[in-house]
Structure formats: structure tokens, C-alpha cells
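Working notes, beginning with the structure itself.
The basis for the numbers below is simple: all heavy atoms, side chains too, and nothing from hydrogens, waters or symmetry mates. Proteins come first, then strands; the chains are lettered A, B, ... in the order of their sequence lines, and each starts at number 1.
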Amino acid sequence: MANKEALEDKMTPLERMRHSLAHVMAIAVKELYPETKVGIGPPIENGFYYDFDREDSFTQKDLQKIEKRMKRIIARNDAFERKEVLASEAIDMFKAQGEKYKVEIIERLVSEKGVDNVSLYYTGDFVDLCRGPHVASSKELGVFKLTRIAGAYWLGDEKREMLQRIYALAFETQAELEEHLKMLEEADKRDHRKLGKSLKLFTTDESIGAGLILYQPNGMILRRAIEQFEREEHIKRDYQEVLGPGILNTKVWKTSGHYQMGYPMYFFEIDRQEYGIKPMNCPAHLYLFKTEIRSYKDLPLRFFELGTVYRYEKSGVLHGLLRARTFTQDDAHIFCLPSQLKSEIIDVILFVQDVFKTFGFEKFEVELSTRPEKSIGDDETWDHATKSLEEALKELDVAYEINSGDGAFYGPKIDIKLRDALNRVWQCATIQCDFALPERFEVSYIDSNGKKCRPVMLHRAILGSLERFMGILIEHYAGAFPVWLAPVQVNILPIADRHHEYAQKLVRDLKRKGLRVHFDKRNEKIGFKLRESRENRVPYAWIVGDKEVSGDTVSIWQRGVGDRGALSSEEAVQEVLDAHLSKAIW
RNA sequence: GCCUGCGUAGCUCAGGGGCAGAGCACGUCAUUGGUAAUGACGAGGUCGCCGGUUCAAUUCCGGCCGUAGGCUCCA
């Protein structure tokens, strides 16, 4: 076993505290429910968990009892004592206690790592196998709160037994804990599923089926705004938009390999031919490439598709817009010469950054994933591609981390993640080199010597899935979208019926400029209409009454600003138009 | 797919073996108003679906579907 000092170095004091609290939780559970067998209990971001095996399920009430007992245990102020023993001794001891999971861990350590000794930690009467380190005594433990119970497979293996995991938050001070709870509350308020419902963006229905999204008119406006922007940006950058069919003969999925790999897709039969609903857009693009003899002069060739795909996601992973069974990718495939690889990658990275920034995301994280053990292609090809990716990143002076061996079996890749307003990380963009598909579909171009050659293929997505990105946008802005994305940009609120005619003129003015306006004609008081406009996060409310009609003005209420007073109607229209066209973020 | 919880009006939710409840939204009427909720009246339900127990099930039990949080997956 690695030496103690090295491990202590690796664990921060906070992690050590959380880790020790996990032990305290195990002690509490064993004291309250002695028949329970313990699994493992590591520190995690914001807290810790411990896995238990017990006949009865833990309930929310049990959590309170356990939490109380933990506090009592901490008050006892037991020391955490470390003791090193022979592995065989430890096995005997845990066997005698019936702690089969601990026995399994030690046996693994012995057989896989060849350890002789293991370390045990004694806390009062409780002994746990653990490499440590721990706090010296329970006095040093901070504040914590048990949060929830969840199922978790032993060793993360879905074929093994399902244990009960108790999650807890833990911090050094009460203030930090409360701050974190506040953050969770804020995240809950921003939940795209809740906002999606209240802002009438999208819905789902159990009669329709799990993981299937229905766009409401407001959601469709948001989606179209994103799509239109993407089309324009792609065309600017010499991509050609294409569209493949939603179903392709299964033979194609056999050629691509998805069929043999058991890719989660849907199949059905027409005229005794089996078809598969597309879970990816690439095969169609490969066939489109093959419709002509391509010259090296045609490369790079960039096919772009807003491609709607269907995937048989497991029921348990579905999550609003973030994980649905049908979604649309902003997908593109770039066919190029190996020598063009680097500059293509640079262009894609710049493209991604541009797009992210336009949507209001300033912080990104980049990961480069290299060749995994199981992979196809020769060393030279892999080296060249990986180097191209890496050089592109270096040339752009982009900070990145390397995920060694985490690439796809068919090629290395770059993933670009963004951070949202709550500093959460979301995986969106991906740039993947693919050596497999050009080969499998036998695509080629003619080089300057008249020879047939295999082009390199890049798969890339910027937003990833439009649904998922919309979910991220909703949470990032908490539903208060910038003008260019807002389903309703201006709400016109007349004070009384006699102002409707003037209001209608304003509606026309705005619509003529292509702006999205809602005219609230309801027989309600202005306070009520304004309140609702605010709740719907509409960026502008224009209030019109006698004063405005006579002066050809509007009284502007602006989101994030409040009552701005009167402005001439002409200037007001121009202001909204500017905010719309400039895609200003506020 | 697995574990645990949940499913009552369009929405948010209360209730609980014996006539199904509230607020908001919706409809009608009155009110024509100046920056976060005008008032009155009305309509709205196979209590997710199927089966079982019971004189009686929305309520208890089982299965299924959906959903929430995790796990596994999504590399």
C-alpha cells in the first residue's frame, strides 16, 4: 500500500474532514441498524456519501435519526486511530463481522495489487478498512447535512448488488453550508423543466411517451432563433447545408458498425427490408460525399445538417431537454486532406468560441482525448491527428487538459465545455477525428497525381443537441433571455380601451421590423398586466395611456432596469431593433 | 435497465376505506384603470392505467406507465 504521507498530501483538509464524516456516518448507521453491512464512503464534491447494504430501505426519517446519532458520536470526541495489520488478519476480522464488502476489497487489494498490509481506522468501537487519512479526532469535523438516499451498484457494476447510498453535504462552516443550500435552491428555481412549463416553452406528455419533447409556440420561437443564427454562421464559414432522411436501410448501419456494436437505436420493417431510425447523421453525409468523384481541389468539403436523431436512451437517464430520445444536432462533417486537418480544427474552435460568446457564455473548458486501448487505425494516422488537434489548441493559446486514452475507438477528439451562470459545466461542442467511417464507406478523392486517396473526416458539433442547449440556455438565463432570443420581445400594455388604436399602430411598427410583440388587450389593470409581463421575463413592456397617445411616445419598463419613463415611439422601436440585431446580452 | 420516493382539475398543491377540495388559470358579468394581483358568479375530475382485497377503493395490495433523485449508460 502506498505510504501514508503521500496520500495525506493528496487529500485536502476539507476532503479529509468529509472522509472522516463518512466514517462517522457508518458508525451511526451501524449503531442504529447493526445488521447493516457497509460498503465504501468517500469524500465527494461538496460532501460525502457512504454505501450500505441493508434489508429495509432507509427513509427520510432514518436520515434525521442518523444525523442526530452522528452529532452524538462527534460529541464523544473519539480519536481516529490508524493501525496497520496483515491483510489476512483483516480479512478474518471482517469475515467474523460479516462485512463481506470489506473482505472483497481486501481480497482485491491482495490479488490485484499484491499488498501485504492494510490500514484500519479505529474510532471508538468501530473499525473500518481505510487507507486514510483522517482527522485526528471527531472534534475537527465541520458542519454537515444528510441530504438524500439513492441506489448505487456495488463497485459501480450494474451486475452487482444494489446498495443504498446516503449522500451528505459537508463544509467547514455553517455559513458555507447555507450558501451551498442557497445555491441549490437557486438552481432549483432555474430548473429548465419548471421554467419550460411556466414560460410555455415545451411540454411532455406521458401519453405521447417518455423522453419526447413537444415544443410550444414560445419554445419554437427560441429554437428557430437558434437555428437561424446557426444557419447564417455556417454559411458564412463555407459549410453547405444538407439533409439526410430519418430512416436508413439497416445495411447502412451494418456498414457503419452501429448495428454490430448494439448502438441503442430503433429498427422496423418496410417491404421485408429492415430500416433503422437514424441515431446519427454521418452515414447520409458519407453517401452525399460519394455522389460525385471528388478532387483534392474540392477539399475541405463541409456538410452541415440540423439533424434530428432518435436514440433508445435507457428510461432512467431521461431528463427534460437535457436527455431526450429525440433531439436535433448541429452536426457537420468535414472531409479534408491530412495536411488541412490543423487549420480546419483551428477554424472549428474559433467558430465554437464565437457561437458560445454570442449566447453569453464566456468561460470554456477544453479537453483533448487521446487513443484508447481498443481502437482502430495505425499509429501514424493517430499520431498525426492527435498532433493536429494539440497543435491547433497550442496555436490558439487555449488551455486544455488531456484525457489520456479517452478518445473514441475511431479517433482522437476535442471536447469543449462551457460554464453557466451558476458555474456549472456542460459538455456541448465536440470535434472528433474519424478514421473508421471513410474506410468503411470507402469514400475517396483524387489527388494531384490522379490517385484515389482516403480523406480525413472530422465530426463536429457546436451546441451539440439543440434541445439540450436550450435547456442550458434556460437555466443560464433563468428564463430571462436576451432580446434576440426572447419569445416575446415587447409587451404592449394599454391603460384603457381607448388606447388600443394607438397600441395597435405600435404593434404594426414592431412587426414590420420583424420584432416579436405581444399586445395585452385584456380588460385588466396596468399593475396586473405589468406583473404578468415581468413574470414571463419579457424584456420590454411599453405602457401606453393618454399621455403617450397625445405625444406619440411609449413609457418603457425594461427588464433589469425598471421604469424608464417616456420615449418617442420611433426611438423605442429603434432601441428594440438594435438590441435584437446586435444580439446584446442583458 | 436498477434502487427509492411521488402521480388528485390546465398549473401549484391539500385530503384520505363511505357525496372530490383550495389558490391560480379558464368562462360570464360589472369595472376603463398609470408601473408586481379589481370584484362577483360559473364551469372544470374515470383521483395515471390494469387487476386484486372489501358490502364499499381515489385511499389498502400487486403489476404496468409516467415522473423525481441517484446508480449504470451517454465516452
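Phosphate proximity of B:U12 to A:K197: present, with a side-chain N or O under 4.0 Å from OP1 or OP2. Distances shown here put a side-chain N or O of A:Y167 below 4.0 Å from the OP1 or OP2 atom of B:C71. Taking side-chain N and O atoms only, A:R193 has a distance below 4.0 Å to OP1 or OP2 of B:A68. For B:G33, one of the phosphate oxygens OP1 or OP2 lies less than 4.0 angstrom from a side-chain nitrogen or oxygen of A:R498. For A:R148, a side-chain nitrogen or oxygen approaches OP1 or OP2 of B:G70 to under 4.0 Å. The side chain of A:H319 contributes no N or O atom lying less than 4.0 Å from OP1 or OP2 of B:C74.
In this structure, A:D546 reaches the bases: a heavy-atom distance under 4.0 Å links it to at least one base atom across the strands shown. Residue contacts for A:G562: at a heavy-atom cut-off of 4.0 Å it reaches no nucleic acid atom on any strand shown. If you check every strand for non-hydrogen atoms under 4.0 Å, A:G156 touches sugar and phosphate atoms only. Backbone-only contact: A:A152 has heavy atoms under 4.0 Å from sugar-phosphate atoms and none from a base. At the heavy-atom level, A:E367 lies nowhere under 4.0 Å from the strands shown. At a threshold of 4.0 angstrom between heavy atoms, the contacts of A:F528 are confined to the sugar-phosphate backbone, with no base atom among them. No engagement by A:F58 is indicated, since no non-hydrogen atom pair under 4.0 Å with the nucleic acid exists. Base contact: A:R534 has a heavy atom under 4.0 Å from a base atom. Using a 4.0 Å heavy-atom criterion, one finds that A:G527 contacts the sugar-phosphate atoms exclusively.
A gap of 16 Å separates the P atoms of B:C6 and B:G17, to the nearest Å. Using C1' as the reference atom, B:U46 and B:A57 are 13 Å apart when rounded to the nearest Å. Nucleotides B:G69 and B:G44 place their C1' atoms 33 Å apart, quoted to the nearest Å. Comparing the C1' positions of B:A43 and B:G27 gives a spacing of 7 Å, expressed to the nearest Å. B:U72 and B:G15 are spaced 38 Å apart, taking the C1' atom of each and rounding to whole Å. For B:A25 and B:C64, the C1' atoms lie 32 Å apart once the distance is rounded to whole Å. Between B:U67 and B:U8, the distance separating the two P atoms is 14 Å to the nearest Å. With C1' as the reference atom, B:U58 and B:G48 are 11 Å apart, rounded to whole Å.
In terms of polar N and O atoms assigned as donor or acceptor, the side chain of A:Q164 never comes within less than 3.5 Å of the base of B:G70 in a complementary pairing. Judged by atom type and distance alone, A:R160 does not reach the base of B:C71 through any side-chain donor-acceptor pair under 3.5 Å. For A:Y49 against B:G70, no side-chain N or O and base N or O form a donor-acceptor pair under 3.5 Å.
Applying the Watson-Crick and G-U wobble criteria (two distances, each under 3.5 Å), B:A68 pairs with B:U4. Nucleotide B:C24 has B:G10 as its partner under the Watson-Crick or G-U criteria, with both atom distances under 3.5 Å. Partner assigned to B:G44 is none, using Watson-Crick or G-U wobble distances below 3.5 angstrom. Shown here, B:C60 forms a base pair with B:G52; the pair counts as Watson-Crick or G-U wobble because both key distances fall under 3.5 Å. The nucleotide B:U35 finds no pairing partner, because no Watson-Crick or G-U wobble arrangement with both distances shorter than 3.5 Å includes it.
At whole-Å resolution of the value, CG in A:D53 and C1' in B:C3 are 12 Å apart. The CD atom of A:E524 sits 11 Å away from the P atom of B:G27 (whole-angstrom rounding). Following rounding to the nearest Å, A:L318 (CG) and B:C65 (C1') show an atom-to-atom distance of 13 Å. In this entry the distance linking CZ of A:R323 with C1' of B:C71 reads 13 Å, nearest Å. For A:L163 and B:U4, the CG to P distance is 12 Å, given to the nearest whole Å. In this structure, CG of A:D62 is placed 14 Å from P of B:U4, rounded to the nearest angstrom. To the nearest angstrom, P of B:C71 lies 18 Å from CD of A:E161. A:K417 has its NZ atom 12 Å from the C1' atom of B:C74, to the nearest Å.
The side chain of A:K525 sits closest to B:U38 out of B:U38, B:G34, B:C71. Distances from the side chain of A:I543 to the nucleotides B:U38, B:G34, B:G70 place B:G34 closest. Closest to the side chain of A:D563, from the set B:U35, B:G1, B:A36, is B:U35. For A:I526, the side-chain atoms get nearest to B:U35 when compared with the rest of B:G1, B:U35, B:U38. Residue A:S315 places its side chain closer to B:G1 than to any other of B:U38, B:G1, B:C73. Closest to the side chain of A:I495, out of B:G34, B:C71, B:A75, is B:G34. Among B:G7, B:G34, B:U32, the nucleotide with an atom closest to any side-chain atom of A:E206 is B:G7. Each of B:G66, B:A75, B:G69 was ranked by its minimum atom distance to the side chain of A:D406; first place goes to B:A75. Comparing B:U4, B:A75, B:A25 by their nearest atom to the side chain of A:K413 picks out B:A75.
Taking the six-membered ring wherever Trp is involved, the centroid distance between the rings of A:F267 and A:Y259 falls below 6.0 Å. Aromatic pair A:Y50/A:F52: centroids less than 6.0 angstrom apart.
A:T553 and A:S568 are not linked by any side-chain donor-acceptor pair at a separation below 3.5 angstrom, with hydrogens and angles left out of the test. Using a 3.5 Å distance cut-off with no hydrogens or angles, the side chains of A:D552 and A:Y502 do pair a donor with an acceptor. No side-chain N or O of A:Q164 forms a donor-acceptor pair with one of A:S57 less than 3.5 Å apart.
The aromatic rings of A:H23 and A:H19 sit perpendicular, their planes meeting at an angle over 60°, well past the 30° parallel limit. Ring geometry for A:F171 versus A:H180: interplanar angle of 30 to 60°, hence tilted.
A donor-acceptor contact shorter than 3.5 Å links the side chain of A:H499 to the backbone of A:D546. A distance-only check finds no donor-acceptor pair linking the side chain of A:T386 to the backbone of A:D383 [under 3.5 Å]. Looking only at distances, no side-chain donor or acceptor of A:D520 sits under 3.5 Å from a matching main-chain atom of A:I492.
Projected onto RNA chain B by closest heavy-atom contact, A:A408 and A:S555 fall at different nucleotides, the more 5' of which corresponds to A:S555. Along RNA chain B, the nucleotide nearest A:R311 and the nucleotide nearest A:L530 are compared for position; the residue whose nucleotide lies closer to the 5' end is A:L530.
Taking the O4'-C1'-N9-C4 or O4'-C1'-N1-C2 dihedral as appropriate, B:C19 has a value within 90° of 0 and is therefore syn.
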